[in-house]
Amino acid sequence: MSDIVISARGVQKSYGSNHVLQGLNCEVGKGITGLLGPNGAGKSTFMGLILGLRPRQGGKLKVLGVDPDRSGPELRTRLGYAPEHHDLPGDVQAADLVRHIAQLHGLPRRVATERASNALWQVGLGEERFRPIGTMSTGQRQRVKMAQALAHDPDLLLLDEPTDGLDPVQRDDMLALIRRVGSEFGIDILLSSHLLEEVERVCDSVVILANGMVGHSGTLQDLGAAASGFKVELDSDPEPLAAALVARGAAAAVDGHSLIVSGVDSASDLIRDLVADLGLGLRRLEPRRTTLEDVFIEASQ
Amino acid sequence: MTEARIHDRGYMAYDGPRHGPGRAMANLSYHTVQRVLGLKRSNWQKVLPAIALLISFIPAIVFIGIAAFLPRGDELGLESSADYYGFITGALFLFAAFVAPEAVCTDRRSGMLGLYLASPLSRDTYLVAKAAAIAAVLGTMTLGPPLLMLIAYTLADAGPDGVSGWLAELGRILASGAALAVFWTALSLAVSSLTSRRSLASVGIFVGLLASSAVGDGLTQGADLHDSYALFNLVGLPFEAVFRIFGEGDPEGAPLGEVDTWPIFATLIGLIAAFGAFARWRYQRIEVAG
């Protein structure tokens, strides 16, 4: 089985004169992938194309090996989707809703009933499963949405802002649940979010959308390893140290009281020696790591 | 004795059979019928559908009861099953305007439409499933009582003469009931597709029907134009079609009395198609989450 879950090549989508996706290229592999981007970047539109809710205007898109435009109903049998909104029918019991959605995804009634109950236990609503959704908190509703997306055992789970509206404790619980679904349950996940920290916490990979295109995509592991050089933090003006480093052939960029140093071998030794020679106070010297925030800002510009 | 506890229920993958979109449509229709009838909901939600069903069935039960003592149906003032629909116009109106919008408006308002369209259902199959659910309940109201009466009259030896007469009556009942159910379903869906608020859809259907009735009557009786202008009357048109199915014209002097049968059928079919096409057009354009 291919390791590519979603493959997009030159995908385009417009609404009138508004070109939301302008030739989007990316590959989403197995595991948990974060779909990041500022508002209006095209995250929801891309999710809609993956689900086959909207036809694209150009390019190629394969989800689990099939084209959503051509095989939407068959594909959606294998997808689970938890939307962003919190509205669910208030007078329906959680177990009834989850069973109903599982049946729509092709499960026989008895199996759907069993799996609905099990999914609600898995998301921590086992004792609450016969409560009307209207009496539940925002956090519980988010869990109901997760349960209805899980009950039919999808191959790919699409989560749209799953922590929206949750307090910090509920958020931690939800992120732990997502991590568990992705690792223990073996279900691939595409997680749309605008919160970098939660993507860093639970995702294996990231796709950053900006202006209707992919600004960056790759694994978070590669992201951390991609950077080179050192970050130096002083308790005084770093300009003298920067000048001394440049004089010895290094590249040094000043950022407040910090310096980003690269371009020389044994940079740490050189920095240590120069700091000592110049009599500067060294607060921190560490290998430079590119953060998701760095990439996000760069991709968004 | 040791204490046993379940610490983790674990996750079970599912490798069993899966039904296709056809079963999903049937499931959605079944679920929708439950919702519009108020099943598994509060008692308040059951009131209107219960009233509509009672209004549609009670006259039939009364007629059947009387027929048990007066063996000739025509002595009841009920010359044919076509007459019966006059008794249940209010029930059909009530259901189409105030109950049926629940089938679709709430899905949009509650976000369920997004979940449905993220399932194997498409916009078209969703709409067909919803239409089937509304038509099934309306069909129960339009077909159930006349069929019940046909069977009861036949058992009381007051039914149509001969097998061919009986089958012809059955055919006319099925055609009439289906025509009424489909017309009111299409009308209700078309108006409900305009809004996510059930109350607005109800007002829209109510006002639309009253307005069409006023326009039709105004043009024929007020402005004294030809009877064909009464085709604008959406309340009268389907019932006139029923009279024609039973081979009866509207009483003399009534709207559409001078109009041939084929324009009435053509208008009815055209309206059903137009309402259906409009609802489909609307649903192709509704933005859902995702």
Side-chain angles (χ1 to χ4, degrees), chain A residues 15 44-45 47-54 72-93 96-97 100-109 111-112 114-115 118-119 121-122 126 133 145 148-153 158 160 180-181 184-187, chain B residues 6-32 34-35 38-45 102 105-126 129 196 283-290:
Chain A
Y15 296 101
S44 293
T45 299
M47 280 246 187
L49 295 184
I50 291 168
L51 284 162
L53 298 181
R54 306 176 175 110
E74 292 76 15
L75 170 64
R76 289 193 291 271
T77 306
R78 302 164 61 194
L79 299 182
Y81 171 59
E84 180 181 3
H85 65 77
H86 302 306
D87 301 323
L88 290 171
D91 56 355
V92 176
Q93 291 178 0
D96 284 344
L97 178 86
H100 178 46
I101 299 295
Q103 283 186 273
L104 291 181
H105 281 84
L107 266 58
R109 183 180 171 83
V111 177
E114 287 171 6
R115 292 193 64 89
N118 195 255
W121 276 103
Q122 295 292 349
I133 296 168
K145 286 193 291 181
Q148 63 80 29
L150 273 177
H152 60 281
D153 189 28
L158 304 172
D160 199 352
R180 188 166 168 240
V181 170
E184 288 180 34
F185 299 5
I187 297 172
Chain B
I6 297 173
H7 288 282
D8 193 341
R9 299 171 74 90
Y11 181 80
M12 296 280 289
Y14 176 71
D15 297 322
R18 286 181 193 263
H19 301 301
R23 187 62 74 90
M25 288 172 69
N27 188 267
L28 179 60
S29 289
Y30 177 72
H31 185 264
T32 304
Q34 284 189 320
R35 266 201 85 77
L39 305 180
K40 293 190 174 183
R41 302 177 73 194
S42 68
N43 289 334
W44 179 246
Q45 307 291 342
E102 165 72 24
C105 292
T106 309
D107 285 349
R108 286 168 62 188
R109 197 165 169 74
S110 69
M112 281 300 289
L113 182 61
L115 292 183
Y116 284 139
L117 297 184
S119 78
L121 295 166
S122 67
R123 289 168 197 263
D124 284 341
T125 53
Y126 167 83
S196 61
Y283 268 83
Q284 293 298 324
R285 278 151 187 79
I286 289 174
E287 285 298 323
V288 293

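We name chains A, B, ... by the order of the sequence lines, and we start the count at 1 in each one. Any value given below was found using the heavy atoms of this structure, including those in side chains, with hydrogens, waters and symmetry copies removed.
Neither the backbone nor the side chain of A:Gln93 comes within contact range of chain B; no heavy atom of the residue lies under 4.5 Å from a heavy atom of that chain. Only the side chain of A:Val111 comes within less than 4.5 Å of a heavy atom in chain B; its backbone stays farther off. Contact of A:Leu158 with chain B is not made at all, since no heavy-atom distance falls under 4.5 Å. Interface remark: A:Ile187 contributes side-chain atoms only to the contact with chain B (heavy atom separation under 4.5 Å). Of the two parts of A:Leu104, the backbone and the side chain both hold a non-hydrogen atom closer than 4.5 Å to a non-hydrogen atom of chain B. Only the side chain of B:Arg35 comes within contact range of chain A, with heavy atoms under 4.5 Å apart. With a 4.5 Å cut-off on non-hydrogen atoms, B:Ser119 touches chain A through its backbone and its side chain both.
Chain B forms more heavy-atom pairs under 4.5 Å with one residue of A:Ile50, A:Thr77, A:Leu75 than with any other, namely A:Thr77. Contact count against chain A (heavy-atom pairs under 4.5 Å) is highest for B:Ala13 among B:Ala13, B:Pro21, B:Ser122.
Pairs passing the salt bridge (charged side-chain N to carboxylate O under 4.0 Å, His left out) check and including a residue from residues 19-29 of chain B, sequence neighbours excluded, do not occur.
Remark: side-chain polar atoms of B:Lys40 are not paired, donor with acceptor, to backbone N or O of A:Val92 under 3.5 angstrom. Not one N or O on the side chain of B:Arg123 forms a donor-acceptor pair closer than 3.5 Å with the backbone of B:Leu117.
Ring orientation note: the planes of B:Tyr126 and B:Tyr116 are tilted relative to one another, at an angle of 30° to 60°.
For the pair A:Arg115 and B:Tyr11, the cation-pi criterion (under 6.0 Å, within 45° of the ring axis) is fulfilled.
Take A:His152 and apply the ring pair (Phe, Tyr, Trp, His ring centres under 6.0 Å) test, not counting sequence neighbours, and it matches A:His105.
B:Met112 places none of its side-chain heavy atoms less than 4.5 Å from the side chain of B:Thr106.
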